[in-house]
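What follows is a single structure, written as structure tokens, with notes after it.
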Amino acid sequence: MSTTGLVLPGGGARAAYQAGVLAGIAEWYGPESPTPFPVIAGTSAGAMNAAYLAANMADFNRAAEYLVALWSQLQVKQVYRPEYRKVFGVLLRWSWSLVSGGLGDANPRSLLDNSPLRRLLADNINFEGIAEHIESGHLNGVAVTVAGYATERSLSYFQAASGVQSWWRQRREGRPTQITLDHVMASLGLPIVFPAVNINGEWCGDGSTRQFAPLSPAIHMGAERVLVIDTQYPAPQRTHTDPRYPSLSRIMGYLFDTIFSDSLHADMERLERINRTLEALRRQAGQVPVGLALKEIDTLVIAPSQRPVEIAARYAANLPKAMRWLLRSMGGEVEGGNQLLSYMLFEGAYCREMVALGRLDARNRRQEITRFLGLAPVREG
């Protein structure tokens, strides 16, 4: 059977949806069944889910349900420090830096302090388990992608079986390593919002910002088909315009959508073109020419069937007061405000609904997913 890879892109609080989809899929496997994704690649918030899954490969049901519990009980204060004095302090220091011509090393490194998230992940992810599962054969490899600010490259750090080789492409590369909490926290380092992390002497930030080929790490680690759990609602064609100048929150929400989604869909389109080209060559010549360094990769994307923006709007009051003030000051109460909110609302009520949507979408697409994973077909009726 071909090797199945799992790709978990970023999306902030929306990544709770990924936990729900995984829990929905886990329902179709028996107790103590190993995770059916021997190759896992994660970026940004998806890196959290990827690292946890890679560290708990032996029992898919248990791992998925625990991941659901982690997201369902989440509070903003467990992710970043939302106190007035913290947020105001950073804004005041940045304002003074602008007026005074810069504060150098004293300048704040990010708007929000996500040290609570570091503690939460340290308590809940056993990174040593990754090596154990590679040795047992349950895991072929896991990759966490970051953006290297000095090298200006997309860096996919991977821990994998001995047969997996590093790779080097234009502005992106794969580096073998032992995945640690630093790699995950770096991948979560959304520019300006969360701080960068120093890895091997280089400051690294959110992997989504320069990830031109999100499917590449999974394919390099041996995946022959890839399941992608996206966090973006499939964008409808919009024909209406708005005469108002876009608010800062609208612009930031737009940028987050671009960072977390556009490269994934561009990579999917490239892969589809390659698959069509190989199929055309096979029809014309009866086979793919020997030596052609291309192979067909089957893909399946699971994405929210409801708009996370609309779900987040129902829970806006759950956001701490300081963060609600910050969003309002950016125009969060006009058009586009809930778009940014849907990424930042790390609160149990919102996350639980995103988890429930993930389960529902997995169940509604069971025939398609089980066929893709090679499971026994489900009888209708």
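All residue numbers refer to positions in the sequence shown, counting from 1.
- Residues Asn61 and Ala26 approach most closely at OD1-O, 3.0 Å, considering heavy atoms.
- Residues Leu6 and Tyr52 share a single hydrophobic cluster, defined by chaining ILVMFWY side chains whose heavy atoms lie under 4.5 Å apart.
- Across every non-hydrogen atom of Tyr66 and Asn124, the tightest pair is OH-OD1, 2.9 Å.
- Shown here are the side-chain contact (heavy atoms from CB on, under 4.5 Å) partners of Glu128, two or more places apart in sequence or in another chain: Asn126.
- Here Trp167 and Phe158 bring their ring centres to under 6.0 angstrom of each other.
- For Gln73 and Arg352, the side-chain atoms include no donor-acceptor pair closer than 3.5 Å.
- Ser216 and Arg172 form a side-chain donor-acceptor contact under 3.5 Å, judged by distance and modelled atom types alone.
- When the shell of 6.0 Å around CD of Glu27 is examined, it contains more than 12 heavy atoms from other residues, nucleotides or ligands.
- Following chains of ILVMFWY side-chain contacts shorter than 4.5 Å, one cannot reach Trp203 starting from Phe194, and the two form parts of different hydrophobic clusters.
- Judged by a 6.0 Å distance limit and a 45° cone about the ring axis, Arg153 is positioned over the six-membered ring of Trp168.
- Between Trp71 and Phe346, the ring-plane angle classifies as parallel under the 30° and 60° cut-offs.
- Between Tyr315 and Tyr350, the two ring planes are tilted [angle within 30° to 60°].
- Under 3.5 Å, the side chains of Tyr17 and Asp230 contain no donor-acceptor pair of N or O atoms.
- Salt bridge Asp182/Arg118: present, at least one basic N to carboxylate O contact under 4.0 Å.
- Distance CD1/Ile297 to CD1/Ile219: 4.5 Å, rounded to 0.5 Å.
- Between Ala13 and Ser342, the closest heavy-atom pair is CB-O, 4.0 Å.
- Salt bridge status for Arg359 with Glu65: present, with a side-chain N to carboxylate O gap under 4.0 Å.
- With Tyr157 as the partner, the side chain to side chain donor-acceptor pair (under 3.5 Å) test is satisfied by one option alone out of Arg175, His183, Gln178, Glu173: Arg175.
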Salt bridge (charged side-chain N to carboxylate O under 4.0 Å, His left out) between Glu368 and Arg365, intermediate numbers included: CA-CA 5 Å; Glu368 187 180 6; Arg365 297 182 64 178; 3.0 Å; yes

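- Contact between Phe60 and Leu22 at its shortest, heavy atoms only, is CZ-O, 3.6 Å.
- Neither side chain, Thr43 nor Ser187, offers a donor N or O lying under 3.5 Å from an acceptor on the other.
- In this structure Glu347 satisfies the salt bridge (charged side-chain N to carboxylate O under 4.0 Å, His left out) test with no other residue, sequence neighbours excluded.
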After noting the C-alpha distance and the side-chain angles of Thr4 and Arg225, does the key distance pass the side chain to side chain donor-acceptor pair (under 3.5 Å) rule? CA-CA 5 Å; Thr4 304; Arg225 56 184 177 186; 2.7 Å; yes

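- Residue Ser208 comes nearest to Ser44 through the heavy atom pair OG-CB, 3.8 Å, listed as atom of the first residue, atom of the second, then distance.
- Every pair tested for salt bridge (charged side-chain N to carboxylate O under 4.0 Å, His left out) that includes a residue from residues 39-63 fails, sequence neighbours excluded, so the list is empty.
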